[in-house]
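FYI, the numbering just counts along the sequence from 1.
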Amino acid sequence: MGKIGIIGAVLVWIFMGVRIIGSQMEASQNIIQAFQNIDYYKNDTIIDASGDITKYGDNTDKKSLAVRIAAGLGMDNLVQQKEDGCVYVRESRNASIKISISEISQGVATYFEPTTHIQVRLVIKNRVDCALTYFNLLREVLHSEGIDCDVSLNLRGEIKGAANIYERDRIADIMLKSLDARIIYSNRAANNYAVYAYTDAIEDYTVSYGDKINISVTEVYDEVQNATVVYLSTPFCNLDY
């Protein structure tokens, strides 16, 4: 599958210049209840965090940071994915984690400020009931390390077969109605289905061109699995598959 969430030129513009408002996001249990209004044969929780920190030591320091983050989430025995890179993974029967720490240079002309970019992706397999627990735990672990990251919560469900556009609309509308969400922007095309909305049920939000957004519904067909994959995300889905 291709990129979902921010996908295609028709959607890119809406998030240019987006900023996160509020430092204390308390995602409501309502999002889980809304997601569970649909009958899936499989569902997972995906929590994604990314941000920049000041240049973070050598590879030993980075590995130590990754180990501490994973340990804070109850996971140990990280494995370095690449010998020449700072990518650490841990796969278990119930969950997986991937922590990437890379150097980037930001600046203009001949002056560049080295920074370190970190991305953490935690997948809780076959469960969404504990999504908020791990969402808040990851935020607390990163905060304890002095790391300011954008963190998104993504509930992922699979429905057998290729849902047509009317069924996709029904799925999205049921979840948005449950959250009493107001649609800000939508692109309800079969190969590029995304709806962005705002609800008072969730405290935090992003702002794009004066509009608040804190919920997204994206739906895509997985030909390999012959399944329609549904994501209910806050503040929005920005995953690659």
Engineer: Please assess Arg127 against Asp44 for the test side chain to side chain contact (heavy atoms under 4.5 Å, CB included), listing each intermediate value before the final yes or no.
Structural biologist: CA-CA 5 Å; Arg127 293 187 65 180; Asp44 303 299; over 6 Å; no
Engineer: For Ile101 and Lys62, which heavy atoms make the closest approach, and how far apart are they?
Structural biologist: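 It is CD1-O, 3.4 Å.
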Engineer: At what distance, to the nearest 0.5 angstrom, does CZ of Phe35 lie from CG of Asn154?
Structural biologist: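 Answer rounded to 0.5 Å: 10.0 Å.
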Engineer: Start with the C-alpha distance between Tyr231 and Leu155, add both sets of side-chain angles, then the distance that settles side chain to side chain contact (heavy atoms under 4.5 Å, CB included), and finish with yes or no.
Structural biologist: CA-CA 5 Å; Tyr231 293 86; Leu155 306 179; over 6 Å; no
Engineer: So, are Arg188 and Glu219 salt-bridged, with charged N and O less than 4.0 Å apart?
Structural biologist: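 No, no charged N to carboxylate O under 4.0 Å.
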Engineer: Is there a side-chain contact between Thr206 and Lys212 in this structure, where contact means two heavy atoms from C-beta onward sitting under 4.5 Å apart?
Structural biologist: no
Engineer: With side chain to side chain contact (heavy atoms under 4.5 Å, CB included) as the criterion, how do Ile202 and Ile215 come out once you've worked through the C-alpha distance, each side chain's angles and the decisive distance to 0.1 Å?
Structural biologist: CA-CA 9 Å; Ile202 296 174; Ile215 282 290; 3.5 Å; yes
Engineer: If you count every heavy atom of other residues, nucleotides or ligands that lies below 6.0 Å from Tyr198 atom OH, does the total exceed 12?
Structural biologist: yes
Engineer: What closest approach, in Å, do Arg93 and Lys125 show between heavy atoms, and which atom pair accounts for it?
Structural biologist: O-CD, 3.5 Å
Engineer: Considering non-hydrogen atoms only, spot the tightest contact between Ile47 and Ala131 and give its length.
Structural biologist: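 Smallest interatomic distance, heavy atoms only, reads CD1-O, 3.8 Å.
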Engineer: From Asp150 CG over to Gln119 CD, what is the distance, rounded to the nearest 0.5 angstrom?
Structural biologist: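 Rounded to the nearest 0.5 Å, the CG-CD separation comes out at 11.0 Å.
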Engineer: Quick one: do Glu158 and Arg156 make a salt bridge, cutoff under 4.0 Å?
Structural biologist: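 A salt bridge is present here (some side-chain N lies under 4.0 Å from a carboxylate O).
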Engineer: Can you confirm whether Val67 sits close enough to Asp76 that some side-chain heavy atom of one is under 4.5 Å from a side-chain heavy atom of the other?
Structural biologist: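 Answer no - side chains too far apart.
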Engineer: One thing to verify: whether Arg121 and Asp48 come together as a salt bridge, which I'm taking to mean a side-chain N less than 4.0 angstrom from a carboxylate O.
Structural biologist: yes
Engineer: Report yes if some heavy atom in the side chain of Ser152 is under 4.5 Å from a heavy atom in the side chain of Cys237; otherwise report no.
Structural biologist: no
Engineer: Is the closest side-chain donor-acceptor distance between Asn191 and Tyr221 under 3.5 Å?
Structural biologist: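 No pair is found: no donor N or O on one side chain lies under 3.5 Å from an acceptor on the other.
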Engineer: Does Tyr166 belong to the same Ile/Leu/Val/Met/Phe/Trp/Tyr cluster as Ile159, with side-chain heavy atoms less than 4.5 Å apart forming each link?
Structural biologist: yes
Engineer: Out of curiosity, Ile46 CD1 to Leu122 CG, how far, rounded to the nearest 0.5 Å?
Structural biologist: 10.0 Å
Engineer: Which heavy-atom pair separates Cys130 from Ile124 by the least distance, and what is that distance?
Structural biologist: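 Distance-wise, the nearest heavy atoms are SG-CG2, 3.7 Å.
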Engineer: Can you establish whether the number of heavy atoms outside Lys177 located under 6.0 Å from its atom NZ is more than 12?
Structural biologist: no
Engineer: Return the OG to CG distance between Ser186 and Leu176, rounded to the nearest 0.5 Å.
Structural biologist: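 The distance works out to 9.5 Å.
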Engineer: For the atom pair OH (Tyr88) and CD (Gln80), what is the distance rounded to the nearest 0.5 Å?
Structural biologist: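 Going from the OH atom of Tyr88 to the CD atom of Gln80 covers 4.0 Å.
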Engineer: Would you say the side chains of Tyr41 and Asp39 form a donor-acceptor pair under 3.5 Å?
Structural biologist: no
Engineer: Are Gln29 and Ile32 close enough that some pair of their side-chain heavy atoms sits under 4.5 Å apart?
Structural biologist: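 Yes, close enough: below the 4.5 Å cut-off.
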Engineer: What is the minimum heavy-atom distance between Ile118 and Cys149, and which atoms define it?
Structural biologist: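 The pair with the smallest heavy-atom distance is CG2-SG, 4.0 Å.
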Engineer: In Å, rounded to the nearest 0.5 Å, how long is the span from CZ of Arg90 to CD1 of Ile97?
Structural biologist: 10.5 Å
Engineer: Counting C-beta onward and ignoring hydrogens, is there a side-chain heavy-atom pair between Val220 and Val230 closer than 4.5 Å?
Structural biologist: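 No; the side chains remain at least 4.5 Å from each other.
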Engineer: Determine the minimum heavy-atom distance between Glu91 and Ser96, stating which atoms define it.
Structural biologist: OE1-CB, 3.4 Å
Engineer: Any side-chain heavy-atom pair from Val89 and Leu78 closer than 4.5 angstrom?
Structural biologist: no
Engineer: Taking the side chain as every heavy atom from C-beta outward, state whether Ile171 and Glu167 have any atom pair closer than 4.5 Å.
Structural biologist: yes
Engineer: Does atom CG (Asp148) have a neighbourhood of more than 12 heavy atoms from anything else shown, all under 6.0 Å?
Structural biologist: no
Engineer: How about Asn226: does its CG atom have over 12 heavy atoms from other parts shown lying under 6.0 Å from it?
Structural biologist: yes
Engineer: side-chain hydrogen bond (donor to acceptor under 3.5 Å, both in side chains) for Thr199 and Asp180? Distances and angles first, verdict last.
Structural biologist: CA-CA 6 Å; Thr199 174; Asp180 194 24; over 6 Å; no
Engineer: Have a look at Tyr193 and tell me which of Thr228, Thr218, Asp169 forms a side-chain hydrogen bond (donor to acceptor under 3.5 Å, both in side chains) with it.
Structural biologist: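 One option only clears the test, and that one is Asp169.
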Engineer: Given Val87 and Ile99, is the side chain to side chain contact (heavy atoms under 4.5 Å, CB included) satisfied, shown in steps?
Structural biologist: CA-CA 6 Å; Val87 180; Ile99 302 173; over 6 Å; no
